[in-house]
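This report concerns only the one structure given below.
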Amino acid sequence: MNVAQALAAHARWRGWEIVLFAALALSWFVLPGHALLANEIALLALFAVSLDLILGYAGIVSLGHAAFFGVGAYAAALFAKHVLPDPLVGLAFAVAVSALLGLLTSALILRGSDLTRLMVTLGVASVLYELANRFDQWTGGADGLQGVTMGPLLGRFEWDLQGRTAYAYTLVVLLAVLFVCRRLVHSPFGVSLQALRDNRLRASAIGLSVNARLVAVYTIAGGIAGAAGALLAQTTGFASLDVLDFHRSADVLLVLVIGGTGYLYGGLFGAIAFKLLHDLIAAWTPQYWTFWIGLFLVVLVLVGRDRLLKPWTWRVAR
Amino acid sequence: MLTLLFDGIAYGMLLFVLAVGLAVTLGLMNFINLAHGAFAMVGGYATVLLMDRAGVPFLATLPLAFLLAAAAGALLERTLYRPMYGKPHLDQVLFSIGLVFMAVAAVDYVIGSQQQIVKLPAFLSGRFELAEVGIGKYRLFIVVLCALLTVGLQLILSRTRFGSRLRAAVDDPRVASGLGINVNRVFLLTFAVGSGLAGLGGALGAEVLGLDPTFPLKFMIYFLIVVSVGGTSTITGPLLAALLLGIADVFGKYYAPKLGAFVVYTLMIVILLWRPQGLFVRKGAR
């Protein structure tokens, strides 16, 4: 089997993937009462998938991914308020803005060590947070941007209180993004990303232009994170400083780590597990749920994700 | 103007004492410890609670804050941190964020989420004029104490046997242990002293920086800025970075209060763009 065949075999649709896509599509019909929660999960999954592109595939550790999420949310909300209430145009606008931000800030992540990148990504998110706080005549500051009314989806479907329309909207975007990303990571571009993640020096030695690829993937990931933010702003009709807050960046990292990095669906599984866990703990101890999340993180890392989530490997590992 | 400068220096010195422990663990041991602020919080709360509930005088609480934070650091190093040394950076980040979340929620649960107030003794409060420059007595106290600590640390690192052992253990742990240096104990001691210093900084800073359960999260980025901008191969680098940060922050808050921390973050990004390894890096060191 030569390389081309091996790659093609690797990229083939597996049975469980088809089942997964079908199950996601079906979830709209079987979970009508939980559309609001499902919508939140789908948003988070979308956000985590975008982080997976840069963390799992390109190996960039980011503590400031909320920057794109927040910019997308504000872009969509402001666009709907001042320009046009149509959600799809707003979504496209928000994606364009946050992808542009990704393009601009990608120059910052090309140099330095893990620590430098961590600091720079965190710094970008903090700068945006401060800016949103400063220009509160536009963003509404800590009180949030109110009075955003969205037009009906495609001009026909009104938003309902149960979130059925919202969930359908988010779900379609999520499925489309997953599909596109799947193509992306199995393309030569995606494979080259994994090569430079594993060893940058060797990747550049075989003629890959490392920087151009990092810029490209960072821009794409920025756009997808922006889409997640835009969907949040559109489906809730609200955007506040919270969308740029540090805990969003930390949460999405946690989601991705629960689900596992580098196979695209980690964000999805992680988001489901994280939200359900969150709801469970928050119902039990609303004020101190971060303690249990923290404990969970510590145990997860100390024991090792693989060993914790796959108990059947314990005996083999010995 | 000069008063502002002096306040900035005091703030910077405080940040340095808070962050120097992190510079050691991060720079020398190559461990990304986001939970460093939690040890500072231990020190701060030790001071506040000892003064409030046990009536210990302020000056006497400072060494206690150091000891308590150092003990907490040593305990955690022994039990939790050591297995993390060899792990990838992502794991270290997640692990220490988890610790921060736990510390924040635990303090919130045990003590409550309100801001804690430190009652300074009379001889440290108030300010006096020196050549038209208003100087807060407590600020002066901080500057003097931190300067003494800095000189002491520099001497310990460069002149004592422990300092050379530490540098050896960091450069090559395997060879160092081959030469009969107990690497584990050196790291343990270093970690404990670093946490202790953070605790001392937290105790000193409780009045200036404010103290509530979100302290480790609020100041995490400041500590990281000090370390990443200052570079991690010396302790003069973080010192200068901390002073720069302190002055920039005080000036930024005074002249452009609404922009707040914006100035500081932008400055950091620019510096890191220009010198990704930090401002003060010795050529060829590590």
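Below, read A as the first sequence line, B as the second, and so on, with proteins coming before strands; counting in each chain starts at 1.
Looking at B/V93, only its side chain comes within 4.5 Å of chain A, counting heavy atoms on both sides. With a threshold of 4.5 angstrom between heavy atoms, B/I269 approaches chain A through side-chain atoms but not through N, CA, C or O. Only the side chain of B/L217 comes within contact range of chain A, with at least one heavy atom under 4.5 Å from a heavy atom of that chain. Of the atoms belonging to A/L118, it is side-chain heavy atoms, and not backbone ones, that fall under 4.5 Å from chain B. B/L94 touches chain A through backbone and side chain together, each having a heavy atom under 4.5 Å away. Only the side chain of A/F246 comes within contact range of chain B, with at least one heavy atom under 4.5 Å from a heavy atom of that chain.
Under the 4.5 Å side-chain criterion, counting only non-hydrogen atoms from C-beta, A/E130 is not in contact with B/T266. Residues A/R213 and A/L193 meet the side-chain proximity criterion, which asks for heavy atoms closer than 4.5 Å. Between B/F223 and B/L18 the shortest side-chain heavy-atom distance falls below 4.5 Å. Between B/Y81 and B/F31 there is a side-chain heavy-atom pair separated by less than 4.5 Å. Side-chain contact check for A/L253 versus B/L90: some heavy-atom pair is nearer than 4.5 Å. Side-chain contact check for B/L22 versus B/L224: some heavy-atom pair is nearer than 4.5 Å. By the 4.5 Å heavy-atom criterion applied to side chains, B/Y11 and B/D7 are not counted as neighbours.
Between A/V255 and A/A48, the closest heavy-atom pair is CG1-CB, 3.7 Å. Shown here for A/C181 and A/L53, the closest heavy-atom pair between the two residues is SG-CD1, 4.1 Å.
The stretch residues 265-283 of chain A places none of its residues near chain B, where near means some heavy atom under 4.5 Å from a heavy atom of that chain. Heavy-atom proximity under 4.5 angstrom to chain B picks out A/V61, A/L63 from residues 60-68 of chain A.
Of the listed residues (B/L243, B/L15, B/V20, B/V226), just one forms a side chain to side chain contact (heavy atoms under 4.5 Å, CB included) with B/P238, and that residue is B/V226.
Looking only at heavy-atom pairs under 4.5 Å with chain B, the residue among A/L254, A/I293, A/L122, A/V124 that has the most is A/L122. Of the listed residues (B/M220, B/M268, B/M102), the one with the most heavy-atom contacts under 4.5 Å to chain A is B/M102. Across A/L295, A/V120, A/L110, the residue that shares the most heavy-atom pairs under 4.5 angstrom with chain B is A/L295.
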Let me have the donor-acceptor pairs involving side chains of residues 195-203 of chain A, under 3.5 Å, with sequence neighbours excluded, atom names and distances please.
| residue | atom | partner | partner atom | Å |
| --- | --- | --- | --- | --- |
| A/R197 | NH1 | A/G56 | O | 2.4 |
| A/N199 | OD1 | A/L201 | N | 3.1 |
| A/N199 | OD1 | A/R202 | N | 3.3 |

Going through the checks in order, is the side-chain contact (heavy atoms from CB on, under 4.5 Å) test met by A/W284 and A/W292?
CA-CA 11 Å; A/W284 170 47; A/W292 300 104; 4.0 Å; yes
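Here B/F219 and B/F215 bring their ring centres to under 6.0 angstrom of each other.
Applying the salt bridge (charged side-chain N to carboxylate O under 4.0 Å, His left out) test to residues at least two apart or on different chains, none of the pairs has a partner in residues 51-70 of chain A.
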